[in-house]
Amino acid sequence: MLHRNAQRVVEAAAALGFAMDVREFPDGTRTADDAARAIGVEVGQIVKSLVFLADGSPVVALVSGSNQLDEAKLAVAAGASSTGRATAEQVREATGFPVGGVPPLGHATALPLFVDEDLLTYEEVWAAAGTPHLNFAITPDELVRITGGKVCALARC
């Protein structure tokens with residue numbers, strides 16, 4: 001039995017034609033470094049789903065685990081004058097998921113998504129599936145397709 005959060009993500013993916021294989025990592029994958037160690041991949045292959053407020057409205061930035069998000073670049077991509085990190089409560093309210101387990105799809109509300117162009121340099125990336133212990137693999141092209149995310153430069157230089 002999948003956790004109810006993961007079930008929601010799997011169903012959202014299936015509705016978009018993607019068959020998701022969720023894997024459990026008991027040691028946890030709350031941070032990109034933790035996830036890379038647990039899964040056995042490069043940190044850059046981890047998709048960090050970061051929720052920010054762009055002019056007060058939530059947006060999701062899917063960022064390579066090896067990058068730090070440049071908030072000014074996210075603001076430009078979102079057409080906003082400013083951005084700020086959402087609180088844990090705001091993250092859960094906007095997505096329906098806890099910090100550390102936010103997946104790239106299946107959110108409680110429709111949110112604009114922005115995809116770090118550096119994720120496209122990998123053959124496979126790994127994202128959270130609704131909890132800090134559940135993840136799934138996906139190609140970057142499929143990630144962009146199922147999320148409808150806008151690919152852009154998001155990394156801090």
Side-chain angles (χ1 to χ4, degrees), residues 2-10 12-13 18 20-54 58-78 83-108 111-147 149-157:
L2 274 180
H3 186 281
R4 68 182 181 282
N5 287 1
Q7 189 60 45
R8 196 166 95 213
V9 178
V10 168
F18 179 69
M20 184 180 292
D21 179 24
V22 176
R23 295 196 39 212
E24 183 172 7
F25 296 92
D27 290 338
T29 57
R30 187 172 296 279
T31 69
D33 288 334
D34 291 345
R37 270 192 302 280
I39 297 167
V41 297
E42 293 178 39
V43 174
Q45 289 178 265
I46 302 303
V47 178
K48 297 188 292 190
S49 296
L50 306 175
V51 181
F52 277 75
L53 301 179
V59 299
V60 178
L62 304 179
V63 180
S64 171
S66 59
N67 291 346
Q68 288 189 326
L69 175 70
D70 185 317
E71 288 188 48
K73 289 179 181 177
L74 178 61
V76 169
T83 59
R85 187 176 288 274
T87 65
E89 182 179 309
Q90 290 168 324
V91 169
R92 189 177 286 275
E93 182 179 317
T95 67
F97 299 98
V99 171
V102 176
L105 73 161
H107 303 137
L111 299 170
L113 276 100
F114 302 92
V115 181
D116 180 357
E117 65 186 7
D118 289 348
L119 287 169
L120 277 62
T121 64
Y122 296 98
E123 288 183 28
E124 179 182 78
V125 294
W126 286 79
T131 80
H133 298 279
L134 300 173
N135 297 80
F136 67 97
I138 189 168
T139 67
D141 288 342
E142 191 71 351
L143 178 67
V144 171
R145 183 188 74 77
I146 68 172
T147 63
K150 176 183 175 184
V151 177
C152 47
L154 294 175
R156 186 178 299 156
C157 297

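All values below come from the heavy atoms of this structure, side chains included, with hydrogens, waters and symmetry mates left out.
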At their closest point, which heavy atom of V51 faces which heavy atom of V60, and how far apart are they?
CG2-CG2, 4.2 Å
Closest non-hydrogen contact found for K150 with A77 is NZ-O, 3.5 Å
Between L74 and F114, is any pair of side-chain heavy atoms under 4.5 Å apart?
yes
On a heavy-atom basis, the closest approach of G44 and S64 is O-OG, 2.8 Å
Under 4.5 Å between any side-chain heavy atoms of L2 and R8, yes or no?
no
What heavy-atom pair brings R30 and P132 nearest, and what distance separates the two atoms?
NH2-CG, 3.4 Å
In the structure I gave you, are the side-chain heavy atoms of D34 and F25 within less than 4.5 Å of one another anywhere?
no
Once rounded to the nearest 0.5 Å, what's the spacing between atom OG1 of T139 and atom CD1 of I146?
9.0 Å
Roughly how far apart are R85 CZ and T87 OG1, rounded to 0.5 Å?
11.0 Å
Are C157 and K73 close enough, and set up right, to give a side chain to side chain contact (heavy atoms under 4.5 Å, CB included), and what steps lead you there?
CA-CA 11 Å; C157 297; K73 289 179 181 177; 3.4 Å; yes
Nearest 0.5 angstrom please: Q68 CD to L50 CG, how far?
10.5 Å
Tell me which donor-acceptor pairs under 3.5 Å the side chains of residues 118-125 have, and how far apart each pair is, sequence neighbours excluded?
residue	atom	partner	partner atom	Å
D118	OD2	N67	ND2	2.7
T121	OG1	D118	O	2.7
E124	OE1	W126	NE1	3.3

Report yes if the side chains of I138 and F18 come closer than 4.5 Å at any heavy-atom pair, otherwise no.
yes
Please step through salt bridge (charged side-chain N to carboxylate O under 4.0 Å, His left out) for the pair R145 and E142, ending with a clear verdict.
CA-CA 5 Å; R145 183 188 74 77; E142 191 71 351; 2.8 Å; yes
Write down the atom of A127, the atom of P104, and the distance for their closest heavy-atom approach.
CB-CD, 3.8 Å
Interatomic spacing from CG in D116 to CG in L62 - rounded to 0.5 Å
9.0 Å
Does a side-chain heavy-atom distance below 4.5 Å link L53 with T83?
no
Keeping the roles fixed (side chain from R156, backbone from L69), state whether a donor-acceptor pair exists under 3.5 Å.
yes
Non-hydrogen atoms of T29 and A38 that approach each other most closely
CG2-CB, 4.0 Å
Is there a donor-acceptor contact under 3.5 Å from the side chain of Q7 to the main chain of R4?
no
Evaluate the criterion side chain to side chain contact (heavy atoms under 4.5 Å, CB included) for residue pair L105 and M20; output intermediate values, then yes/no.
CA-CA 12 Å; L105 73 161; M20 184 180 292; 4.2 Å; yes
State, yes or no, whether a side-chain contact exists between L143 and T147 at a heavy-atom distance under 4.5 Å.
yes
Between CZ of R23 and CZ of F136, what distance do you get to the nearest 0.5 Å?
13.5 Å
Determine whether L111 and V59 satisfy the following criterion, side chain to side chain contact (heavy atoms under 4.5 Å, CB included), listing intermediate values before the conclusion.
CA-CA 6 Å; L111 299 170; V59 299; over 6 Å; no
Are N5 and P98 side-chain neighbours, meaning at least one heavy-atom pair lies under 4.5 Å?
yes
With sequence neighbours left out, write down each residue that passes side chain to side chain contact (heavy atoms under 4.5 Å, CB included) with A32, or none if nothing qualifies.
V43, I46, K48
Intermediate values then yes/no, side chain to side chain contact (heavy atoms under 4.5 Å, CB included), F97 and T131:
CA-CA 7 Å; F97 299 98; T131 80; over 6 Å; no
Residue pair F52 / E71, side-chain heavy-atom distance below 4.5 Å:
yes
